[in-house]
There are 2 protein chains.
Amino acid sequence: MAHHAPTLDEVAREAGVSRSTASRAINGGNRVSPAAQAAVDAAIAHLGFVPNRAARALATSQTGSIALVIPEPDDKFLSDPFLLGVLRGVSGALSGTETQLVLLINHANQPEGQMSRYLRAGHVDGAIITSPHAGDHLEDDLRGMRNVVFIGRPFRSEGIAYVDVDNVEGGRLATRTLLDAGRTRIGTISGPTDMTAGLDRLQGFTDALGAVDLPTDAVESGDFTAAGAEAATHRLLDRRPDLDALFVASDSMAVGVRIALADRGLRVPEDVALVGFDNLGAATAMTPRLTTVDNPLVEMVDAATRRLLARLGSGEDVGENLVLPPTLVPGSSDR
Amino acid sequence: MAHHAPTLDEVAREAGVSRSTASRAINGGNRVSPAAQAAVDAAIAHLGFVPNRAARALATSQTGSIALVIPEPDDKFLSDPFLLGVLRGVSGALSGTETQLVLLINHANQPEGQMSRYLRAGHVDGAIITSPHAGDHLEDDLRGMRNVVFIGRPFRSEGIAYVDVDNVEGGRLATRTLLDAGRTRIGTISGPTDMTAGLDRLQGFTDALGAVDLPTDAVESGDFTAAGAEAATHRLLDRRPDLDALFVASDSMAVGVRIALADRGLRVPEDVALVGFDNLGAATAMTPRLTTVDNPLVEMVDAATRRLLARLGSGEDVGENLVLPPTLVPGSSDR
DNA sequence: CTGTTAGCGCATTCAC
DNA sequence: GTGAATGCGCTAACAG
């Protein structure tokens with residue numbers, strides 16, 4: 001245990017300069033002579049100096065950390081690939097940065113406005129908010145705050161910066177793939193209706209079928225879990241046993257759909273063709289390999305983080321919200 | 001945005017007391033009169049005062065935050081239920097606490113000793129370290145530091161505080177379940193050999209079979225992923241097509257095992273009985289539902305976090321390392 | 001380009 | 001039980 005963490009004072013003394021010069025040398029080296037810079041660098045290396053974050057934060061009133069707000073862990077939490085992708089994206093964008101990542105679990109029953117108070121209290125410089133649900137206080141509490149970026153489009157997006165994948169286009173893409181494979185009796189296991197991602201993907205499904213004058217009523221909504229999708233599939237097939245294809249709004253749900261189909265003795269893709277959505281790991285683990293729509297989640301989050309950092313740094317907005325295009329990932333479940 | 005975050009000074013002034021009294025009132029209220037206490041409380045509520053973490057950290061040289069160190073995101077990262085369980089455990093232990101959680105991604109190629117330097121620099125008060133691998137610098141870098149707790153027993157545990165599940169006993173439990181079901185040609189898809197969890201579960205397998213004089217050589221090691229396990233299962237069955245039961249060292253791997261068995265036309269449990277390990281979500285999603293060993297991960301991590309907090313608070317060690325007992329979770333894959 | 005001078009907001013001696 | 005004084009380690013004017 002070091003008896004004493006080296007301080008800027010000691011660095012300055014060892015380098016033979018004043019504290020201010022040492023400080024400038026550390027922060028970008030503006031207006032410091034090469035000689036002084038070198039001396040300070042040497043002293044830092046020699047002493048193993050690491051700036052004290054608390055002191056720096058106090059002086060600059062910037063914490064050097066951002067928060068990642070994630071929804072309360074519930075039963076589906078334990079197998080949610082979404083969160084892992086988010087982590088990976090933030091982590092990538094922050095690597096090489098001095099910025100710290102503070103994790104904030106957004107408990108559902110926590111006092112309204114607590115989150116925005118936390119941000120306003122200045123405990124962190126900014127925040128990334130994941131998976132907004134309808135009725136979430138967060139969306140309204142945080143509207144207009146410029147140090148906040150949402151992952152996924154919120155329900156009312158005015159005054160909210162966000163990045164998202166084009167879920168409508170993704171839903172279209174998936175459904176067209178089924179059409180191109182020659183299927184005509186197409187249904188969907190949609191996502192939850194209290195999330196824009198669920199709604200948008202369903203919209204894409206409806207668009208694609210409507211464009212070719214096919215019925216769009218074979219819909220049952222799941223909850224982005226395998227178990228929920230399994231039940232939804234049974235409900236749907238009870239009603240419409242003639243379906244020859246399904247667009248499943250998430251790969252996790254496709255696992256449940258496969259089970260339901262197997263229970264009914266239906267083969268994939270011979271009897272029922274399948275196209276999923278996400279490509280976050282589950283698709284490649286299925287047999288036959290699931291044809292799916294790639295959700296560029298990691299890139300999305302990476303972009304969101306960089307955008308937040310830019311907003312914090314320059315103070316100026318980077319402009320438009322970012323909506324990334326989805327792409328089809330071929331498998332053997334669609335034809 | 002508030003023009004000005006309220007400071008302790010203002011609280012003191014509004015309450016008609018000195019800064020020191022206000023400070024005491026806030027921190028436990030020792031040696032402050034009921035009248036003063038009430039006045040301060042009122043002022044705090046009125047002003048919406050929130051103590052500035054940076055200032056407090058600077059004054060106390062305690063940051064009020066702990067780090068959670070997780071391994072670098074690789075390809076299996078995106079579908080690892082382990083990490084989610086850890087998050088859930090830490091989150092639970094920290095809720096109701098003022099302590100912040102800082103996420104640290106431990107990049108494999110990061111300079112040796114960086115992590116321990118980070119801790120010694122005092123950026124956080126302590127750390128929770130997840131899933132130690134053999135050859136990890138971390139284990140040696142952090143040995144002896146009393147503000148660190150590991151999740152999962154490290155290879156050399158001297159000088160390292162950790163909590164773990166009894167993986168050996170878990171492996172025994174799983175294997176005995178298979179024996180009790182009348183199986184006699186039992187193999188295992190083990191975990192990676194560079195993790196104590198993998199090694200220990202295999203040890204339990206060997207113990208249980210050795211105790212009844214059955215051969216223990218039907219072993220192939222997976223990597224805790226479904227794809228890896230699928231390949232391992234084929235290797236094992238190529239060599240030992242007569243097996244009538246498998247202990248699979250993780251539920252994620254069991255998914256791959258099921259695929260491999262299906263490919264070979266083997267039914268579960270009629271032809272091959274299966275017992276997994278973890279019960280972190282995958283088991284209940286399988287059909288037939290996987291019989292598995294419950295890994296009390298969330299409780300483990302919760303305990304680890306509380307232990308860390310205790311160590312930081314009182315300065316005294318809480319004593320022994322904690323090793324939680326695993327329990328069997330019945331399914332219909334074992335008989 | 002450099003050093004001197006002030007705080008940032010809080011906890012904590014120490015006398016009273 | 002209370003208040004005055006001091007310092008945590010750093011950055012940011014300011015005058016030189």
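Below, each value reflects all heavy atoms present in this structure, side chains not excepted, and no hydrogens, waters or symmetry copies. Order of the sequence lines sets the chain letters (A, B, ...), proteins ahead of strands, with each chain counted from 1.
In this entry the distance linking CZ of A:Arg53 with P of D:dT11 reads 12 Å, nearest Å. Whole-Å rounding puts the A:Ile26 CD1 to D:dC10 P distance at 7 Å. Rounded to whole angstrom, the span from the CD atom of A:Gln62 across to the P atom of C:dG9 amounts to 14 Å. Put simply, CG on B:Asp9 is 8 Å from P on C:dC10, counting in whole angstrom units. Atom-to-atom, CG of A:Asn52 to P of C:dG9 comes out at 17 Å; the value is rounded to the nearest Å. If you take CZ of B:Arg19 and P of D:dG3, they are 12 Å apart, rounded to a whole angstrom. Rounded to whole Å, the distance from NE2 on A:His123 to P on C:dC10 is 11 Å. Note: CG (A:Asn27) to P (D:dC10) measures 10 Å, nearest angstrom.
Comparing C:dC10, C:dT2, D:dG3 against the side chain of B:Ser18 picks out D:dG3 as the nearest. Set against C:dC1, D:dG9, C:dC10, the side chain of A:Thr7 has D:dG9 as its closest nucleotide.
A sub-4.0 Å separation between OP1 or OP2 of C:dC10 and a side-chain N or O of B:Ser23 is absent. Under 4.0 angstrom from either OP1 or OP2 of D:dG3 there lies at least one side-chain N or O belonging to B:Thr21.
B:Glu98 CD: 12 or fewer foreign heavy atoms inside a 6.0 Å radius.
Using modelled atom types, no side-chain atom of A:Ser116 and backbone atom of A:Leu142 make a donor-acceptor pair closer than 3.5 Å. Not a single donor-acceptor pair under 3.5 Å links the side chain of A:Asp125 to the backbone N or O of A:Ile66. For the pair A:Asn321 (side chain) and A:Val163 (backbone), a donor-acceptor distance under 3.5 Å is absent.
Across all strands, B:Arg56 comes closer than 4.0 Å only to sugar-phosphate atoms, never to a base (heavy-atom distances). Nucleic acid contact class of B:Thr60 (heavy atoms, under 4.0 Å, all strands): sugar-phosphate only. B:Ala36 comes within 4.0 angstrom of sugar-phosphate atoms only, judged by non-hydrogen atoms across all strands, and of no base. Within the 4.0 angstrom heavy-atom criterion, base atoms lie near B:Ser20. Residue B:Leu8 is classed as a sugar-phosphate contact, given heavy-atom separations below 4.0 Å to backbone atoms only.
A residue-by-residue look at A:Phe49 and B:Ser33 shows that B:Ser33 has its nearest nucleotide of DNA chain D further toward the 5' end. In terms of position along DNA chain D, the nucleotide closest to B:Pro34 lies nearer the 5' end than the nucleotide closest to the other residue of the pair A:Ala54 and B:Pro34. Ranked by how close their nearest DNA chain C nucleotide is to the 5' end, B:Leu58 and B:Arg24 are led by B:Leu58.
Residues A:Glu10 and A:His4 have side chains that bring a donor and an acceptor to within less than 3.5 angstrom of each other.
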